[in-house]
Amino acid sequence: MITPRTPSGTFELLPPEQIAFQRMLDAIRAGYERFGFLPVETPVFERSEVLLTKTGGETERQVYFVQSTGALEKARDAAGEGDAEGEEAAYPELALRFDLTVPLARYVAEHEHQLTFPFRRYQMQRVYRGERPQRGRFREFYQCDVDIIGKDELSVRHDAECPAIIHAIFTDLAIGAFTIQVNNRKLLRGFYEDLGIVDGEQQAAVLREVDKLDKRGEEYLRTTLTGEDFGLAEDVVEQILSFVQVRSTGHDDALARLAAVEAASRGSQALAEGVAELREVLTLVRALGVPEQDYRLNFSIARGLDYYTGTVYETVLDDHPEIGSICSGGRYDNLAGQYTRSRLPGVGISIGLSRLFWQLREAGILQASTARSTVQVLVPQVDAALLDDQLALASHLRHGGINTEAVLDGGKLGKQLRYADRAGIRFVAILGPQEVGEGTVTIKDLRRQDQFTVPRAEVVAALRVELAQPEV
RNA sequence: GUGGGUGUAGCUCAGCAGGUAGAGCGCCGCGUUGUGGUCGCGGAUGUCGCGGGUUCAAGUCCCGUCACUCACCCCA
């Protein structure tokens with residue numbers, strides 16, 4: 001017999017948890033729509049050339065190729081004939097998407113003339129990465145993206161919308177206090193230019209290390225940056241360290257820190273732009289109603305992806321910093337340069353829901369409040385002879401908008417109640433000979449261990465009232 | 001791609017000096033007739049990952065292999 005199991009790096013849930021997961025998806029979708037975004041879905045696989053435009057070694061290492069058996073045979077034949085027609089010819093034609101941003105770029109470029117700009121879309125689908133799986137990291141996972149794409153231009157005002165969306169959604173999700181951390185790549189670039197770190201590669205390398213500050217600590221950073229690989233002077237490293245540890249403590253403090261950075265600058269143009277952008281973003285974030293304790297400047301945030309050019313975001317849970325960023329994103333100047341001549345700047349964020357869900361579960365902060373079952377009422381079979389009446393009651397409840405399961409196979413009532421309890425169904429509507437005789441239905445609340453009998457005509461109304469009651 | 005760890009009942013694991021397999025949880029049944037969760041009693045379940053070796057004897061030691069897992073790179 002074949003051992004049934006999922007491939008490593010994937011996960012599936014039992015219904016009670018799937019419900020919780022679905023509720024989170026619903027909340028995110030609702031949040032995105034409330035901010036005026038349109039839904040989009042794209043195929044799980046794309047033409048390989050679309051995904052591998054930036055033939056970076058990393059992407060190639062992580063992408064899953066897709067190939068039909070026919071295509072595979074054809075490729076084999078070609079290989080057999082010694083047809084070595086360059087590296088690219090060896091790739092299968094199709095590959096699984098590893099994020100939603102690249103497909104978005106292709107989508108926007110492809111449908112440019114049918115879309116209206118600024119194009120505001122959200123997309124919540126699974127993506128695939130051929131990584132070695134790790135704790136809370138998967139090879140298949142959900143991303144929930146929102147992006148605003150402009151044609152030619154997109155004012156920095158849109159950058160302020162992202163924190164507002166994050167705030168609304170994570171408030172709804174009710175998974176605890178959170179802080180939206182904001183930074184700006186131009187500011188970072190300017191700062192490092194001022195320090196004489198001009199080379200793009202070196203800047204990127206420094207940013208990557210700085211990103212580890214929270215995880216590895218200050219000493220690690222000091223040793224690394226002054227060490228062989230970087231060879232930075234000690235006073236430069238100290239400047240980096242003190243800069244990078246900046247965390248604003250409120251709105252006015254954030255503005256003051258921006259002013260301080262600007263005053264200390266040796267005149268970098270990029271730094272000045274970054275400061276101006278952040279200033280505008282922060283001001284509008286406040287105007288959009290985000291409480292000032294929920295956002296702050298954090299100069300250590302860089303984001304690994306090199307396509308970010310301006311504002312960058314990272315959101316953390318205040319009580320669980322170990323979880324890391326639960327939502328991140330930023331501004332990019334040219335989304336679809338590979339696919340169109342049009343200049344399409346954008347800004348967006350992404351929630352890695354699979355990882356978030358997993359970590360919330362591990363940390364024990366998944367709300368227990370969500371129901372374990374989608375069934376609201378079970379109609380047990382007290383007496384097989386009353387099947388018609390039982391089914392009529394179930395039908396009546398369903399017409400009343402109540403999710404109803406009717407027991408078809410019967411058995412002892414006790415067993416049926418146990419079934420309901422285990423399945424996480426809270427209410428039972430009992431219709432036995434007694435109830436049929438007097439035209440009533442008995443409603444039992446398994447959580448509160450309480451039951452009462454109502455006239456048949458009032459069942460739906462009574463249950464609606466009960467369903468609105470808290471469990472304890 | 002680089003390094004560690006682990007593989008025993010559905011799950012979590014024990015089995016510490018090699019001697020014929022255990023616990024807790026879960027599951028099933030019973031505690032009578034229309035009432036679950038608690039409680040009591042009873043019950044089922046394992047090619048001890050796979051292959052080879054050492055030994056009178058291997059879950060236990062050795063080798064190989066596969067799988068899973070954690071961390072690093074990178075990232076959600």
Side-chain angles (χ1 to χ4, degrees), chain A residues 1-11 14 56-63 97-101 124-145 204-205 207-209 211-212 215-216 220 302-308 313-316 323-329 348-359 372 378 380-386 390 407 410-437 441-453 471:
Chain A
M1 226 195 260
I2 296 164
T3 310
R5 62 176 178 204
T6 59
S8 84
T10 63
F11 77 94
L14 294 175
E58 278 306 321
T59 14
E60 237 170 276
R61 217 178 82 189
Q62 295 193 340
V63 82
R97 61 180 171 215
F98 50 83
D99 72 6
L100 298 178
T101 306
M124 312 197 297
Q125 293 188 273
R126 294 200 242 221
V127 303
Y128 300 83
R129 286 188 199 173
E131 282 185 293
R132 192 151 288 183
Q134 260 179 73
R135 184 169 207 72
R137 292 178 55 180
F138 307 97
R139 302 199 293 179
E140 176 189 68
F141 57 94
Y142 268 91
Q143 284 198 323
C144 307
D145 280 29
L207 290 181
R208 257 203 303 282
E209 290 305 322
D211 216 44
K212 297 174 186 167
K215 203 171 173 184
R216 302 276 176 80
Y220 165 84
R303 305 265 63 233
L305 278 7
D306 39 325
Y307 53 72
Y308 290 124
Y313 319 94
E314 249 177 39
T315 303
V316 292
I323 285 180
S325 179
I326 56 175
C327 170
S328 51
I349 50 171
S350 177
I351 301 173
L353 189 59
S354 301
R355 178 182 169 79
L356 175 60
F357 181 85
W358 180 270
Q359 297 198 304
R372 287 178 50 234
L378 182 79
Q381 190 176 103
V382 182
D383 183 342
L386 299 175
Q390 181 206 351
V407 175
K412 284 188 183 174
L413 182 60
K415 276 200 172 184
Q416 297 182 52
L417 291 178
R418 185 159 66 134
Y419 167 78
D421 190 54
R422 288 200 194 165
I425 302 169
R426 181 176 167 190
F427 292 99
V428 166
I430 302 169
L431 185 69
Q434 197 179 320
E435 285 84 0
V436 169
V441 173
T442 296
I443 295 172
K444 183 176 173 71
D445 181 339
L446 296 186
R447 297 297 143 66
R448 293 179 149 186
Q449 308 177 42
D450 191 23
Q451 69 179 54
F452 58 91
T453 301
E471 294 189 6

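Predicted model, so just to flag it, every value in this text is computed and none were measured. Atoms considered below: every heavy atom in the structure, side chains included; atoms not considered: hydrogens, waters and symmetry mates. In what follows, chains are A, B, ... by sequence order, proteins preceding strands, each numbered from 1.
The nucleotide whose nearest atom lies closest to any side-chain atom of A:Leu417 is, among B:G34, B:C75, B:G36, B:G36. Of all nucleotides listed (B:C75, B:G34, B:C72), B:C72 comes nearest to the side chain of A:Arg216. Nearest nucleotide to the A:Arg422 side chain, out of B:G34, B:C28, B:C75: B:C28. Of the listed nucleotides (B:A76, B:G34, B:G37), B:A76 has the atom at the smallest distance from the side chain of A:Gln143. In the set B:A76, B:C30, B:G34, the nucleotide with an atom closest to the side chain of A:Lys412 is B:C30. Listed candidates were B:G36, B:G34, B:A76. Nearest to the side chain of A:Val382 is B:G34. Counting only heavy atoms from C-beta on, A:Asp421 has its side chain closest to B:G37 among B:C75, B:G37, B:U35.
Annotation: of the two residues near RNA chain B, A:Gly414 and A:Tyr220, the 5′-most nearest-nucleotide partner is A:Gly414.
Ring pair A:Phe11/A:Phe138 is tilted by interplanar angle, where 30° to 60° counts as tilted.
Among the heavy atoms of the strands lying under 4.0 Å from A:Phe138 is at least one base atom, whether or not backbone atoms are also near. Residue contacts shown for A:Gln451 include a base, since a base heavy atom lies under 4.0 Å away. A:Ile430 comes within 4.0 angstrom of a base, heavy atoms only. Counting non-hydrogen atoms under 4.0 angstrom, A:Glu435 reaches a base of the nucleic acid.
Separating the C1' atom of B:G7 from that of B:G64 is a span of 16 Å, rounded to the nearest Å. Here, B:U2 and B:G19 have their C1' atoms 43 Å apart, quoted to the whole Å. B:C13 and B:U6 have their C1' atoms separated by 13 Å, with the value rounded to a whole Å. Atom name C1', nucleotides B:C50 and B:G59: the rounded distance is 14 Å, in whole Å. Going from the C1' atom of B:A44 to that of B:C63 covers 38 Å, rounded to whole Å. As rounded to the nearest Å, B:G15 and B:C61 have C1' atoms that lie 16 Å from one another.
In this structure, B:G3 and B:C70 make a Watson-Crick or G-U wobble pair, each of the two defining distances being under 3.5 angstrom. B:C30 and B:G40 make up a base pair, with Watson-Crick or G-U wobble contacts both under 3.5 Å. Both distances falling under 3.5 Å, in either a Watson-Crick or a G-U wobble arrangement, place B:G10 opposite B:C25.
Under the stacking criterion of a centre-to-centre distance below 5.5 angstrom and an interplanar angle below 30°, A:Tyr419 is not stacked against the six-membered ring of B:G36.
Formation of a donor-acceptor pair under 3.5 Å by the A:Arg447 side chain with backbone atoms of A:Phe427 is not found in this model.
When the side-chain nitrogen and oxygen atoms of A:Arg418 are compared with OP1 and OP2 of B:G37, none of them lie within a distance under 4.0 Å. For the pair A:Lys212 and B:C74, the criterion of a side-chain N or O lying under 4.0 Å from OP1 or OP2 is met. Side-chain nitrogen and oxygen atoms of A:Lys415 include none within less than 4.0 Å of the OP1 or OP2 phosphate oxygen of B:G34.
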Go through it in stages, so that I can follow the logic: the residues are A:Val127 and A:Leu100, the test is side-chain contact (heavy atoms from CB on, under 4.5 Å), and I'd like the CA-CA distance, side-chain angles, deciding distance and then a yes or no. CA-CA 7 Å; A:Val127 303; A:Leu100 298 178; 3.6 Å; yes

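Shown here, B:G37 is classed syn by the O4'-C1'-N9-C4 or O4'-C1'-N1-C2 angle, which is within 90° of 0.
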